[in-house]
Amino acid sequence: MKIADTIIELYQSKGSGAYFGEGVTETEHALQSAHLAEKSGADQETIVAALLHDIGHLLHNLPEDIAEQGIDGRHEEGGAAWLLNYFPNSVVDPIRLHVAAKRYLCAVEEGYFEKLSPASQQSLRLQGGPFSREEIDEFEKEPFWRTALALRHWDDTAKLVGWSVPGLEHYRSHLQEVLDRQEKG
Ligand SMILES: [Fe+2]
Ligand SMILES: [Fe+2]
């Protein structure tokens, strides 16, 4: 099966679980994130990164409410490790960094923590809390750190109950074109 088909099927078959602590499903959250990226004029790789940023939640069989149980599933690492088999760093790095981006923004952006949802505030602690000065400097050395910050803001917004956005089918060509470019590169 083509990888784009595998991914779409994964969201169709496993994405109907709740995005933990929020009123939307995993697939709704992914679609809203991707739509926010596309609306803001992001390039195709970034749109795909937004769509797939939480794929780590779907790849393992951990319970959806894992953060409430005081466990950090490190979904950003699991997702990035799998995606690296198929996608370029411009897709994989912002995904790998999207939790780090929250820790970064909590350290540098006034009022950012207060705007996070309660579930996201709760998971921050498990993820290591706001970055230290040293961690901020390390983060800013990442080639795709700015994309990771943009992704983080879409991620934080993409929890809108009842917001109707384009469906999975809309992203098949985006996925395929990014994959095709990678195979040529
Ligand atoms: Fe996430
Ligand atoms: Fe997310």
Side-chain angles (χ1 to χ4, degrees), residues 3 7 19-22 26 29-60 66-67 72-117 119-160 171 174-175 177-179 181-185:
I3 190 66
I7 287 170
Y19 182 64
F20 61 86
E22 315 288 353
E26 285 284 353
H29 176 64
L31 292 172
Q32 290 185 13
S33 298
H35 184 61
L36 288 164
E38 188 157 31
K39 254 194 354 176
S40 77
D43 63 25
Q44 219 166 17
E45 278 73 7
T46 304
I47 294 167
V48 166
L51 181 72
L52 304 182
H53 77 274
D54 280 331
I55 198 166
H57 284 154
L58 308 186
L59 291 171
H60 59 50
I66 190 164
D72 176 12
R74 302 206 48 92
H75 68 286
E76 73 281 19
E77 303 280 358
W82 186 73
L83 292 168
L84 196 55
N85 294 310
Y86 314 102
F87 288 92
N89 288 338
S90 51
V91 173
V92 175
D93 278 7
I95 292 175
R96 180 173 54 79
L97 294 171
H98 83 273
V99 172
K102 177 168 82 172
R103 299 178 61 197
Y104 175 91
L105 287 166
C106 284
V108 306
E109 194 173 293
E110 184 92 30
Y112 175 79
F113 175 81
E114 288 71 22
K115 283 186 288 181
L116 290 173
S117 67
S120 199
Q121 289 184 347
Q122 187 189 0
S123 60
L124 174 72
R125 202 163 28 83
L126 293 168
Q127 291 157 344
F131 268 172
S132 66
R133 182 68 250 173
E134 266 175 13
E135 289 170 320
I136 289 169
D137 292 341
E138 282 303 305
F139 183 80
E140 290 177 355
K141 287 182 196 151
E142 291 281 351
F144 291 98
W145 70 281
R146 288 183 191 279
T147 312
L149 295 187
L151 170 53
R152 186 70 227 182
H153 284 296
W154 300 320
D155 183 8
D156 294 332
T157 305
K159 301 170 178 180
L160 300 167
Y171 297 98
H174 286 314
L175 285 164
E177 284 167 34
V178 170
L179 289 161
R181 274 200 290 280
Q182 171 73 346
E183 264 172 47
K184 281 178 212 134

Working to the nearest 0.5 Å, report the span between CG of Leu116 and NZ of Lys159. 7.0 Å

Would you name the heavy atoms of Pro88 and Glu45 that are closest together and state the gap between them? CG-CG, 4.3 Å

Among residues at least two apart in sequence or on other chains, which ones pass side-chain hydrogen bond (donor to acceptor under 3.5 Å, both in side chains) with Ser120? Lys102

Contacts of Asp93 meeting side-chain hydrogen bond (donor to acceptor under 3.5 Å, both in side chains) (sequence neighbours excluded), chain-then-number -> Arg96

Show the nearest heavy-atom pair for residues Leu51 and Ala30, with the distance to one decimal. O-CB, 3.2 Å

Which value, rounded to the nearest 0.5 Å, describes the distance between Gln182 atom CD and Ser90 atom OG? 7.5 Å

Electrostatic pair Asp137-Arg133, nearest N-O below 4.0 angstrom: yes

Atom of Gly128, atom of Arg103 and distance for their closest heavy-atom approach: O-NH2, 3.3 Å

Taking C-beta and beyond as the side chain, do Phe144 and Leu151 meet within less than 4.5 Å on heavy atoms? no

Separation between CD1 (Ile95) and CG (Leu83), nearest 0.5 Å, reads 5.0 Å

Output the distance between atom CG (Leu36) and atom CG (Asp156), rounded to the nearest 0.5 Å. 10.5 Å

In Å and rounded to the nearest 0.5 Å, what is the OG1 to CD distance from Thr46 to Glu38? 11.5 Å

Validation row: Leu124, Gln121 side chains within 4.5 angstrom (heavy atoms): no

Which pair of non-hydrogen atoms, one from Phe131 and one from Ala100, has the smallest distance, and what is that distance? CE1-O, 3.6 Å

Passes side-chain contact (heavy atoms from CB on, under 4.5 Å), Glu76 versus Leu97? Steps please. CA-CA 7 Å; Glu76 73 281 19; Leu97 294 171; over 6 Å; no

Gln32 side chain vs Leu160 backbone, donor-acceptor pair below 3.5 Å: yes

For the residue pair Pro143 and Asn89, establish whether any side-chain heavy-atom pair is separated by less than 4.5 Å. no

Worked check of side-chain contact (heavy atoms from CB on, under 4.5 Å) between Ile7 and Tyr171: CA-CA 10 Å; Ile7 287 170; Tyr171 297 98; over 6 Å; no

side-chain contact (heavy atoms from CB on, under 4.5 Å) with Ser33: which of His153, His53, His98? His53

Would you find more than 12 non-hydrogen atoms of other residues, nucleotides or ligands less than 6.0 Å from Glu114 atom CD? yes

May I ask you to test the His29-Asp155 pair for a side-chain heavy-atom distance under 4.5 Å? yes

Test side chain to side chain donor-acceptor pair (under 3.5 Å) applied to Tyr104 and Glu142, Glu140, Arg152, Glu135, the passing residue: Glu140

Here the gap from Leu59 atom CG to Trp82 atom CH2, rounded to the nearest 0.5 Å, amounts to 6.0 Å

